[in-house]
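These notes are about the structure you will find just below.
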Amino acid sequence: MAHSPIRFGIIGCAEIARKVSRAILLAPNATLSAVASRSLHKAVDFAKSNGFPPEAKIYGSYESLLDDPDIDAVYMPLPTTLHLKWAVLIAQKKKHLLMEKPVALNVAEFDEIVRACEENGVQIMDGTMWMHHPRTTKWRSFYKISSALVNSCFTFFTDPDFLKNNIRVKPDLDALGAIGSVGWYAIMSILWAADYELPKTVTALRGAVLNEAGVILDCGASLQWEDGIKATFHCSFLTSLTMNITATGTHGTLHLTDFVIPYQEQEASYTASTKPGFNELVTGWEPLPSEHTVTVDMPQEVCMVREFATLVQNIKKKGAKPDMKWPTISRKTQLVLDAVKASIEKGFEPVEIVN
């Protein structure tokens, strides 16, 4: 017998919540049951404009939604500074938690959130959508970990109004700035390429740009592993939209130019080179890189919601324990993020990762 769909409530009407609302509507094992905002009028408008079913409940406070016994899971797209308070409360209310990244301002807050989830037996997952795309699982067959070099970049250009007024540049709302907003993706992609082994040291690259309030607008870092793996990344609000990852292994190279959000929703491609070389006259490559396209029947954010809802169903119906795969990956990402920020604050000195 098929499990009943997981009933989602959303607290906060951020722009990203529109995309995730659609994903919940499209996921075969989930349903939109409620939305809450600090403004009832805003919650009503959000539900109407995003296709909520007519029976969905509308709340004028987050607390009211969390007290609803008919809600199984909560999607939380609130600013990072608010994550600790509300994530812990969601867990204490026995609601499973799908939350926007970065999970926390630092790993100490991260651990407090995960501890609350563990103590209350609820699933937690961060909203890094590209990790759930079928393309991501196919890369591994083309990529060897040993002797690796990885470079990742996620940037987008913002206008003066964004740099002055957006919550992602406000220290009291999203104090991590670009490194939390886009650097999170780049760091996680590097960890993916390193099979989630943490680097030994992280060194921020000189030239980081901070606003007057000390929020990072542009930065990069180099990562070094004991076994010789090396990586660099760059993240920025100040340069053109780019989301590249190049992973070079012993016998091949993997390259993507849209790893965070595919160019098209229905398919995603990657280029792979296996034991490349030159032709006899060194006028070209042999063999040529191969391009691979993965077609999908649902967008990556729907795959994410489906997987999260499946984990919740396993807990509710089968008595399973919360799956620790996703929070473990998130924690390692948070550790590296913390180290980059610390290196910037220490004058771009190397910072050792301590797990």
Side-chain angles (χ1 to χ4, degrees), residues 101-111 114 126 128 130-131 136-154 176 178-180 182-208 216 218-235 243-256 259-260 270 272-276 323-355:
K101 33 58 56 193
V103 174
L105 292 175
N106 52 60
V107 77
E109 286 193 2
F110 181 99
D111 288 344
V114 173
D126 85 62
T128 308
W130 72 269
M131 291 290 289
T136 305
T137 62
K138 291 184 178 293
W139 298 346
R140 187 65 71 197
S141 62
F142 288 93
Y143 183 67
K144 301 291 184 182
I145 299 299
S146 59
S147 304
L149 176 65
V150 186
N151 178 260
S152 186
C153 178
F154 185 10
L176 296 176
I179 195 171
V182 289
W184 179 275
Y185 295 99
I187 292 168
M188 189 175 287
S189 72
I190 290 171
L191 291 174
W192 173 90
D195 204 19
Y196 304 113
E197 178 186 347
L198 281 166
K200 179 177 175 59
T201 58
V202 172
T203 307
L205 304 179
R206 295 184 180 277
I216 297 169
D218 178 291
C219 75
S222 63
L223 289 65
Q224 182 79 45
W225 282 254
E226 287 186 307
D227 59 4
I229 298 175
K230 297 176 285 290
T232 60
F233 81 86
H234 184 75
C235 63
M243 43 184 70
N244 293 347
I245 178 171
T246 300
T248 303
T250 307
H251 299 298
T253 298
L254 177 72
H255 185 61
L256 292 92
F259 82 94
V260 179
Y270 60 95
S273 297
T274 304
K275 296 184 178 179
D323 190 298
M324 291 305 294
K325 171 187 173 182
W326 296 110
T328 298
I329 293 171
S330 301
R331 187 179 192 274
K332 290 181 177 182
T333 306
Q334 187 88 48
L335 278 168
V336 176
L337 189 156
D338 286 5
V340 176
K341 189 169 182 288
S343 179
I344 293 172
E345 292 168 350
K346 293 178 180 181
F348 308 99
E349 292 296 317
V351 172
E352 186 170 344
I353 296 283
V354 179
N355 190 4

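At a cut-off of 3.5 Å, with distance as the only test, a side-chain donor of Ser189 or Ser152 sits close to an acceptor on the other residue. A side-chain N or O of Thr128 and one of Trp184 form a donor-acceptor pair less than 3.5 Å apart. In this model, no donor atom of one side chain and acceptor atom of the other lie less than 3.5 Å apart for His255 and Asn244.
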Item checked: Ile190 and Leu223: CA distance, side-chain angles, deciding distance, side-chain contact (heavy atoms from CB on, under 4.5 Å) verdict -> CA-CA 9 Å; Ile190 290 171; Leu223 289 65; 4.1 Å; yes
Distance-only check: which donor-acceptor pairs under 3.5 Å involve side-chain atoms of residues 345-355, not counting sequence neighbours?
from, atom 1, to, atom 2, distance (Å)
Glu345, OE2, Lys341, NZ, 2.8
Asn355, OD1, Arg331, NH1, 2.9

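Every residue meeting the side chain to side chain contact (heavy atoms under 4.5 Å, CB included) condition with Asn151, not counting sequence neighbours, appears here in chain and number order: Thr232. Not counting sequence neighbours, the partners of Phe259 by the ring-ring contact (aromatic ring centres under 6.0 Å, His included) test are Trp130. In terms of the side chain to side chain contact (heavy atoms under 4.5 Å, CB included) criterion, residue partners of Thr328 (sequence neighbours excluded) are, by chain and number, Met324, Lys332. Phe233 is linked by a ring-ring contact (aromatic ring centres under 6.0 Å, His included) to nothing, counting only residues two or more places apart in sequence or in another chain. For Thr333, the side-chain hydrogen bond (donor to acceptor under 3.5 Å, both in side chains) criterion is met by no residue, not counting sequence neighbours.
Counting only heavy atoms from C-beta outward, the side chains of Ile216 and Ile344 approach each other to under 4.5 Å. At least one side-chain heavy atom of Met243 sits less than 4.5 Å from a side-chain heavy atom of Phe154. No side-chain heavy atom of Ile329 sits less than 4.5 Å from a side-chain heavy atom of Leu191. In this structure, Pro199 and Val336 have side chains that are in contact, with non-hydrogen atoms separated by less than 4.5 Å. Annotation: side chain of Leu176 is in contact with side chain of Ile179 (closest heavy-atom distance under 4.5 Å).
Judged by distance alone, with hydrogens and angles left aside, the side-chain atoms of Asp323 form a donor-acceptor pair with the main-chain N or O of Lys325 at under 3.5 Å. Distance alone, capped at 3.5 Å, places no donor-acceptor pair between the Asp126 side chain and the Val103 backbone. With Trp225 contributing its side chain and Lys200 its backbone, the two residues share no donor-acceptor pair below 3.5 Å.
Met131 contributes atom CE, which lies 4.5 Å from atom CH2 of Trp326 (distance to the nearest 0.5 angstrom). The NZ atom of Lys230 lies 11.0 Å from the OG1 atom of Thr248; values are rounded to the nearest 0.5 Å. Separating the SG atom in Cys235 from the CG atom in Leu337 is a distance of 8.0 Å, to the nearest 0.5 Å. One finds the CG atom of Leu205 at 8.5 Å from the SG atom of Cys219 (value rounded to the nearest 0.5 Å). Summarising the geometry, atom OG belonging to Ser273 is positioned 9.5 Å from atom CG belonging to Leu254; distances are rounded to the nearest 0.5 Å. Distance check: Thr246 OG1 to Leu256 CG gives 8.0 Å after rounding to the nearest 0.5 Å.
Between Phe110 and Pro327, the closest heavy-atom pair is CZ-O, 3.3 Å. His251 and Pro276 make their closest contact through O-CD, 4.1 Å (heavy atoms, listed as atom of the first residue, atom of the second, distance). Taking every heavy atom of both residues into account, Pro102 and Gly180 meet most closely at CD-O, 3.3 Å.
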